[in-house]
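Atoms within each ligand, like the ligands themselves, are counted from 1 in listed order.
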Amino acid sequence: MRQGFFVVVEGTEGAGKSTLVKRLAARFGERGEAPVLVREPGGTPVAEKIRQLLLDPAHPIEAVSELYLFLAARADLVATVIRPALEAGRVVIADRFQLSTEAYQCGGRGLDRTLFRTANRAATGGLEPDLTLVLDLPPDMGFGRIRAAGQGLDRIEQAGQAFHQRVAQVFRAATGPGIVHLDAGLPPDQVGQLAWQQVLARLPEAREAQGR
Ligand code: T5A
């Protein structure tokens, strides 16, 4: 039975997802809770190997193959880490999840959304986040941060400006249950504070207190 709490942080390259995940983990730590932190693609031995394949600029990957590699990594992560942790009542914080696939493989690569939804449901068993925090930032600002941090660009980061504009458009337009947008142009402290308010409002005990 599902008992835990599943938070996902999404957004364009360099929007500050990893930074926010660390801040949220620290906030949970102050409450005496140690969340399970995962990143996508990755988070299991198999998924980390798939990540290397996906991000390596040395190998071009055809779009449908790319989709299924992301989903293979996700299926392994959900089955072996995320679902067991949620069933044990743990908080799970994921750096990217299914909205990234919709943004990159449907928006960016142009794959069909029905194909994505069907295949993604098979990979996740229908698991949905309780809260998805979307960090909105124009791609050029995110790439500016990556350059300033001196990081090299992986295969997907090298996909070009028009690709990343299409990706950003899907993130900006995302709506649905539990999806909240945050201005990622704000300083990290403010982004962290706004995100934490959203978490607190949706934790299971907050829902119980509100009779939801
Ligand atoms: N992908 C992934 C798909 O195509 N389909 C999928 O289904 C999935 C799951 C994964 C790649 O795979 C693609 C998307 C990606 O291209 P990744 O490395 O996991 O790659 O993800 P990236 O987005 O590339 O991660 P980054 O580390 O580049 O970006 P983050 O995590 O968003 O940013 P972060 O926190 O590392 O910050 C970047 C820099 O900005 C600073 C930080 O200090 C750091 O220097 N920063 C800020 N500066 C100013 N203001 C703020 N608010 C800041 N927050 C952070």
Would you mind writing out the side-chain donor-acceptor pairs for residues 16-24 within the sub-3.5 Å range, not counting sequence neighbours?
residue : atom : partner : partner atom : Å
K17     : NZ   : T12     : O            : 2.8
S18     : OG   : D95     : OD2          : 3.1
R23     : NH1  : D189    : OD1          : 2.5

Side chains of residues 108-116: which donor-acceptor pairs under 3.5 Å do they make with residues two or more places apart or in other chains?
residue : atom : partner : partner atom : Å
R109    : NE   : E66     : OE1          : 2.9
R109    : NE   : E66     : OE2          : 3.4
R109    : NH2  : E66     : OE2          : 2.9
D112    : OD2  : T114    : N            : 3.3
D112    : OD2  : L115    : N            : 3.0
R113    : NE   : E102    : OE2          : 2.9

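The residue Q98 has no part lying near ligand 1, judged by heavy-atom distances below 4.0 Å. Within the 4.0 Å heavy-atom criterion, both parts of T101, backbone and side chain, lie near ligand 1. Residue S18 touches ligand 1 through backbone and side chain together, judged by heavy-atom distances below 4.0 Å. Only the backbone of A184 comes within 4.0 Å of ligand 1, counting heavy atoms alone; no side-chain atom from C-beta on gets that close. At a heavy-atom distance under 4.0 Å, only side-chain atoms of I146, from C-beta outward, approach ligand 1. Residue-level proximity to ligand 1 for R96 is carried by the side chain, the only part with a heavy atom below 4.0 angstrom.
By the neighbour-count criterion of 12 heavy atoms within 6.0 Å, atom CD of Q161 is sparsely surrounded, having that number or fewer from other residues, nucleotides or ligands.
If you check which protein heavy atom lies closest to atom 44 (C) of ligand 1, you get A149 CB, 4.6 Å. Of all protein heavy atoms, the one closest to atom 32 (O) of ligand 1 is K17 NZ, 2.6 Å. Ranking protein heavy atoms by distance to atom 26 (P) of ligand 1, first place goes to G14 N, 4.1 Å. Looking only at protein heavy atoms, the nearest one to atom 52 (N) of ligand 1 is L186 O, 2.9 Å. For atom 34 (P) of ligand 1, the closest non-hydrogen atom of the protein is T19 OG1, 3.7 Å.
Heavy atoms of G11 come nearer than 4.0 angstrom to ligand 1 in no pair at all. The shortest heavy-atom distance from Q105 to ligand 1 is under 4.0 Å. Using a 4.0 Å heavy-atom cutoff, R74 is listed among the residues neighbouring ligand 1.
Inter-residue side-chain proximity for T132 and Q98 is flagged as unmet; no heavy-atom pair is nearer than 4.5 Å. Two residues are said to be in side-chain contact when any heavy atoms from C-beta on lie closer than 4.5 Å; D130 and V7 fail this criterion. A heavy-atom distance below 4.5 Å is found between the side chains of E10 and R96. In this structure, the side chains of R39 and R51 come closer than 4.5 Å at one or more pairs of heavy atoms. Under the 4.5 Å side-chain criterion, counting only non-hydrogen atoms from C-beta, I156 is in contact with F163. No side-chain heavy atom of V199 sits less than 4.5 Å from a side-chain heavy atom of R27.
Residue F70 holds the heavy atom nearest to atom 1 (N) of ligand 1 of all those in F116, F70, F143, F97. Considering each of L137, L54, L55, D189, the one bringing a non-hydrogen atom nearest atom 11 (C) of ligand 1 is L55. The option with the heavy atom closest to atom 41 (C) of ligand 1, from among M141, R145, E10, R39, is R145.
F97 has its ring centre less than 6.0 Å from the ring centre of F6.
Linking ILVMFWY side-chain heavy atoms closer than 4.5 Å, directly or via other members, places L182 and I179 in two distinct hydrophobic clusters. In the hydrophobic clustering of ILVMFWY residues, with side-chain heavy atoms under 4.5 Å counting as a link, L69 and V38 come out apart. If you chain together hydrophobic residues whose side chains sit under 4.5 Å apart, V167 and L135 never meet in one group.
Checked by distance only, ligand 1 and E157 come closer than 3.5 Å through their nitrogen or oxygen atoms. In terms of N/O distances under 3.5 Å, ligand 1 is approached by A15. Residue G16 has at least one nitrogen or oxygen atom sitting less than 3.5 Å from a nitrogen or oxygen atom of ligand 1, judged on distance alone.
Shown in contact with E40 at under 4.0 Å from a heavy atom are these atoms of ligand 1, numbered in order with element: 9 (C), 19 (O). Under a 4.0 Å criterion applied to the non-hydrogen atoms of E13, ligand 1 contributes the atoms 14 (C), 15 (C), 16 (O), 22 (P), 23 (O), 24 (O). Using a 4.0 Å cut-off to heavy atoms of R51, the atoms of ligand 1 that qualify are 17 (P), 18 (O), 19 (O). Annotation for ligand 1: atoms under 4.0 Å from non-hydrogen atoms of I156 are 4 (O), 12 (O), 13 (C), 16 (O).
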Open item on the list: Apply side chain to side chain donor-acceptor pair (under 3.5 Å) to residues Q169 and R166 and explain how you reach the verdict.
Closed with: CA-CA 5 Å; Q169 173 55 32; R166 294 195 296 276; over 6 Å; no
